[in-house]
Amino acid sequence: MSLESTLRSEIQKAVSVLFNQSIDQLQIQPTNQEFEGSHTLVCFGLSKVTKKNPEETAKSIGEYLLANSTRVSKFNVVKGFLNLTLSDKVWFDVFKDIQANSSFGQLTLTGEEIMIEYSSPNTNKPLHLGHLRNNFLGYSVSEIYKACGYQVHRVQIINDRGIHICKSMAAWKLYGNGETPQSSGIKGDHLVGKYYVEFDKRFKSQVSEAVSKGVGEEEAQKQSPIMREAVEMLQKWEQGDEETLKLWKTMNGWVYDGFNATYKAMGVEFDKLYYESNTYLLGKEEVLKGLESGVFFKKEDGSVWVDLTSDGLDQKVLLRADGTSVYITQDIGTAILRFHDYPKISGQIYTVGNEQEYHFKVLFLILKKLGFKWAEHCFHLSYGMVDLPTGKMKSREGTVVDADDLMAEMIAKAKRQTLELGKTDEMSEEEATQLFEMVGLGALKFFLLKVDPKKRMLFDPNESIQLQGFTGPFIQYTHARIKAIVRKGESMNIRFDSGDFSAVQNLEPAEREVLKVLSLYENKVKEAAREYAPSIIANYAYELAKEYNQFYQNIPIFNATDPAQLAFRIALSKKVADILKKAMALLGIRVPERM
RNA sequence: GCACUCGUAGCUCAAUUGAAUAGAGCAUCUGACUACGGAUCAGAAGGUUCGGGGUUUGAAUCCCUGCGAGUGCACCA
């Protein structure tokens, strides 16, 4: 039983003895730094039950606990707040439990399976900063769910078909002169992206030229030769034209090679990939089934719709008059296919930007109307956009922050700073290279994950990401420094893994604070899963590192004269390093042994 | 026009989901290694939580309203 629930039941007993009342809603919160104690019972709500004012209620409960609980060693009352101080023995026991539990932080298996989708890019341009937030979030949430005892399946849907890729194909065909990643030395996804930009440029100039000759804007767009090429390619693609399919496969292949390199650099993985080119027809079938069963309806022109007005939404088209699919059609098919592929999953998490909130509301409602019970367990992990100081990233205005570039820059920055601090003097080249990567990417990931996913956030390219303060490297540094202590302890043959510290007389306040934070870890992991918020883990890891650093600075560990105390301090340090490592792993961030 | 989201220190973010004097980092200023690693620590300064009403013992948090910002409302994806 956790410390808090033990306290809770003791307080409940106190209330029943003192006031002859039973109560199950108790408000316990961590005590503010400025007051003495670790746990605080908020007594305002209680006074209705006790028929006494909050202050008197707090006082009598405090007195009861002091007399009857072996855990409470002191208390004080401020207004309606009962601040409890627990005995050192309680804290030693907490530590003992953590020590004894070799898988602390890994909750017991639930037997449940869950699917999480993230990344899901288009195949016509390279990944950018927004994808970084998406991937880091999705990956982190999947790790958090694993820690909570779920079996997790990580997937993405790759939007590999449609007019967007045909645009890149058309531009390459007309102006590419056979350029390939090999011939140009350009990474595949960037090369295809180059032709997507080329398309846009040519298209615009063709339109404006036609307009200057007196053609109407809309007509000029339709007439644009390059647009006509792209549209024709799309039609050919759908008809299965061999040459078009060949080009499509080739260019998508370039993109996948590029993406894979980027994913590898990011440190994210997937268990299964879904391709829209394989799933878009499934959606159509499902819609036709739904039409038959009367869930959907057909308009005179032949288009198929769903009516969501009774749910406060609008009508939504699902199949065009010509029978072809729209965006949401393939999402219906993909969702059903996934539950078919993984019959044991209880639900799905979709990591997709908040601009698609309406889309997912509609999607889940449709699935529910089609009679899929699991639709209720589909969740849109909706995250805010990453904005630049100038506003939203826009590829047309060249304000997109490229994922590959940004990662490379961060690693370069980490390298510069590390060399400047002379940290690599005793490292092999390989260890140093790994370190630069760990620190650079750690800073980037932490920067993107420490903010509540729901909120939009700002990234200023001119003010590159810090390596000091509330950052990934701060936590990595704390970890590395503890590891130095552990190494020293080991070299002195100090036994600190026994788990028995009963010989230690008492705790320093700084040690108690560290233990307090340490004891919160598993609850934070649960909370992060419940809220789909890696930011909770990031904030926790920072708090733990900060608390530890205060301890480190105030108490010279190896000055301890009592051998038991020395062993305890090393053990405590080691456990902090352990948890920091685990917490950072939940964020997809590695921590070094030295830095 | 309708719907949703957001507005907290100069800047970037927190605030246990309604509790105590609203907390961190960066930037600014002042201090700390003959001890275990200074990518650290201690301290100062910085706030009408966008404005105005209301509910409550208690509001950054809930309700109403005004202002400001963003997003969505395609037979695009």
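Just so you know, these numbers come straight off a predicted model, no measurement behind them. To find a chain, count down the sequence lines: A is the first, B the second, and so on, and within it residues start at 1.
Residue contacts for A:N554: at a heavy-atom cut-off of 4.0 Å it reaches no nucleic acid atom on any strand shown. Nucleic acid contact for A:T40: base, since at least one base atom lies under 4.0 Å from a heavy atom of the residue. Across all strands, A:L421 comes closer than 4.0 Å to base atoms (heavy-atom distances). Across all strands, A:I555 comes closer than 4.0 Å to base atoms (heavy-atom distances).
On the C1' atoms, B:A19 is 34 Å away from B:U40, given to the nearest whole Å.
Of the side-chain N and O atoms in A:K79, none sit less than 4.0 angstrom from OP1 or OP2 of B:A19. Neither OP1 nor OP2 of B:A69 sits under 4.0 Å from any side-chain N or O of A:R456. OP1 or OP2 of B:C36 sits under 4.0 Å from a side-chain N or O of A:K488. Remark: A:Y358 is not in phosphate contact with B:G72, judged by side-chain N or O atoms under 4.0 Å from OP1 or OP2. Taking side-chain N and O atoms only, A:K450 has no distance below 4.0 Å to OP1 or OP2 of B:G25. Using a 4.0 Å cut-off, no side-chain N or O of A:R487 falls inside it from OP1 or OP2 of B:G37. Of the side-chain N and O atoms in A:N354, none sit less than 4.0 angstrom from OP1 or OP2 of B:U71.
Cation-pi geometry between A:K299 and A:W305 is met: under 6.0 angstrom from the ring centre, within 45 degrees of the axis.
Following rounding to the nearest Å, A:M227 (CE) and B:C76 (C1') show an atom-to-atom distance of 11 Å.
Using N1 to N3 plus N6-O4 or O6-N4 for Watson-Crick, or N1-O2 and O6-N3 for G-U wobble, each under 3.5 Å, B:A3 pairs with B:U71.
With salt bridges taken as basic N to acidic carboxylate O contacts below 4.0 Å, none links A:K526 and A:E531. Between A:R569 and A:E511 there is a salt bridge, with a side-chain nitrogen of the basic residue lying less than 4.0 Å from a carboxylate oxygen of the acidic one. Using a 4.0 Å cut-off between a side-chain N of Lys or Arg and a carboxylate O of Asp or Glu, A:K581 and A:D578 do not qualify as a salt bridge. Between A:R456 and A:D387, at least one side-chain nitrogen of the basic residue sits less than 4.0 Å from a carboxylate oxygen of the acidic one, meeting the salt-bridge criterion.
With B:A19, B:G37, B:C13 as the candidates, the nucleotide lying closest to the side chain of A:L458 is B:C13. Closest approach to the A:E531 side chain among B:U17, B:A77, B:G37 is made by B:U17 (side chain taken as heavy atoms from C-beta onward).
Contact of A:N559 with B:A35 (side chain to base): a donor-acceptor pair of N or O atoms is detected under 3.5 Å.
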